[in-house]
Amino acid sequence: MRWLWVLGVLVLAGCIAPGPAAPEGKVLLKANYPIVKIDNVAIESVYETVLSPGEHTVTVVYHTYRWDYHCRFRWQAEPDQRYEINNSENIHPLTLYRWVRANGLWAIRYDPLDPELCEKQPIETK
């Protein structure tokens, strides 16, 4: 019975892929919602991008049923770090975190940063 449990754990561990690391000397930014501006330059919506270290301003659109919230973050990105923007059910719709892998199965979010501005706008229809 113990071997069956060990086999189950190994199969489960094989199904979980670790998240990508930041390229050497660069910064990896991931978001659960579309990133639409980087350093005040409009871009085609992306969910992941590589940045150079330094100060950055990023705008992410948080979609709800009735509204779009355009949330702007400004922070000092450190080299070889991974950052993540997601909805953590905080006071603001989105929060930026520094994302660090704890082990093969878990990651920890550090240094939460609230947006400097979240503008509520009607949903854009296409």
Side-chain angles (χ1 to χ4, degrees):
M1 185 68 171
R2 183 181 302 174
W3 291 105
L4 184 59
W5 183 81
V6 170
L7 180 63
V9 169
L10 290 174
V11 167
L12 179 61
C15 294
I16 299 172
E24 189 172 333
K26 296 290 185 177
V27 174
L28 179 64
L29 175 64
K30 292 186 76 168
N32 292 346
Y33 298 91
I35 301 167
V36 296
K37 278 187 185 177
I38 297 175
D39 297 331
N40 296 318
V41 175
I43 62 168
E44 186 176 329
S45 295
V46 297
Y47 292 85
E48 182 177 318
T49 188
V50 175
L51 304 170
S52 59
E55 185 174 306
H56 291 285
T57 303
V58 174
T59 302
V60 177
V61 179
Y62 175 69
H63 300 289
T64 68
Y65 180 70
R66 297 182 62 200
W67 304 100
D68 281 343
Y69 292 86
H70 291 246
C71 296
R72 185 176 64 215
F73 295 89
R74 183 184 315 235
W75 86 107
Q76 185 70 29
E78 299 295 326
D80 303 318
Q81 294 294 321
R82 177 177 163 171
Y83 294 90
E84 180 179 61
I85 298 173
N86 66 26
N87 173 5
S88 295
E89 300 178 7
N90 293 330
I91 191 168
H92 298 283
L94 299 173
T95 305
L96 182 139
Y97 297 95
R98 184 171 55 90
W99 188 92
V100 177
R101 177 161 295 289
N103 59 42
L105 297 175
W106 301 102
I108 300 173
R109 293 179 176 131
Y110 290 105
D111 309 326
L113 178 68
D114 291 331
E116 65 179 20
L117 175 69
C118 271
E119 294 179 319
K120 180 176 165 181
Q121 300 179 3
I123 292 178
E124 297 174 9
T125 56
K126 294 182 181 181

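- The two residues H63 and P34 make their nearest non-hydrogen contact at NE2-CG, 3.5 Å.
- A salt bridge is absent between E84 and K30; no separation between the charged side-chain nitrogens and carboxylate oxygens falls under 4.0 Å.
- Both V46 and V60 are assigned to one and the same hydrophobic cluster, defined by single-linkage of ILVMFWY side chains at heavy-atom distances under 4.5 Å.
- Residues H92 and C71 have side chains not in contact (no heavy-atom distance under 4.5 Å, counting atoms from C-beta outward).
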Would you please test Y97 and N86 for side-chain contact (heavy atoms from CB on, under 4.5 Å) and show each step? CA-CA 8 Å; Y97 297 95; N86 66 26; 3.6 Å; yes

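- In this model, no donor atom of one side chain and acceptor atom of the other lie less than 3.5 Å apart for Y47 and N32.
- Contact of the R98 side chain with the R82 side chain is not registered, since no non-hydrogen atoms from C-beta on lie closer than 4.5 Å.
- Counting heavy atoms from C-beta outward, H70 and D68 have side chains that approach closer than 4.5 Å.
- The heavy-atom pair separating L29 from L96 by the smallest distance is CD1-CD1, 4.5 Å.
- No more than 12 heavy atoms of other residues, nucleotides or ligands lie within 6.0 Å of CD in E44, so this atom counts as exposed by the packing criterion.
- Separating the CD1 atom in I108 from the CG atom in N103 is a distance of 8.0 Å, to the nearest 0.5 Å.
- In the hydrophobic clustering of this structure, L117 does not group with I38; members are Ile, Leu, Val, Met, Phe, Trp, Tyr whose side-chain heavy atoms approach within less than 4.5 Å, directly or through other members.
- With a 4.5 Å cut-off on side-chain heavy atoms, L51 and K26 do not count as touching.
- In this structure the side chain of V27 never reaches within 4.5 angstrom of the side chain of V50, judged on heavy atoms.
- Side chain of D39 to main chain of T57: a donor-acceptor pair is present (N/O by atom type, distance under 3.5 Å, no hydrogens or angles).
- Separation of atoms CD1 (I85) and OG1 (T59) is listed at 9.0 Å; rounding is to 0.5 Å.
- Closest approach of R74 and L113 over heavy atoms only: O-CD2, 3.5 Å.
- Taken from CH2 in W67 to CD in Q121, the straight-line distance is 10.0 Å, to the nearest 0.5 Å.
- Counting heavy atoms from C-beta outward, I43 and I35 have side chains that approach closer than 4.5 Å.
- Ring orientation note: the planes of Y33 and Y62 are nearly perpendicular, at an angle over 60° on the 30°/60° scale.
- Across all non-hydrogen atoms, the minimal contact from F73 to P115 is CE2-N, 3.4 Å.
- Nearest approach of Q76 to G54, heavy atoms of both residues: NE2-CA, 3.4 Å.
- Between Y83 atom OH and H56 atom NE2 the span is 9.0 Å, to the nearest 0.5 Å.
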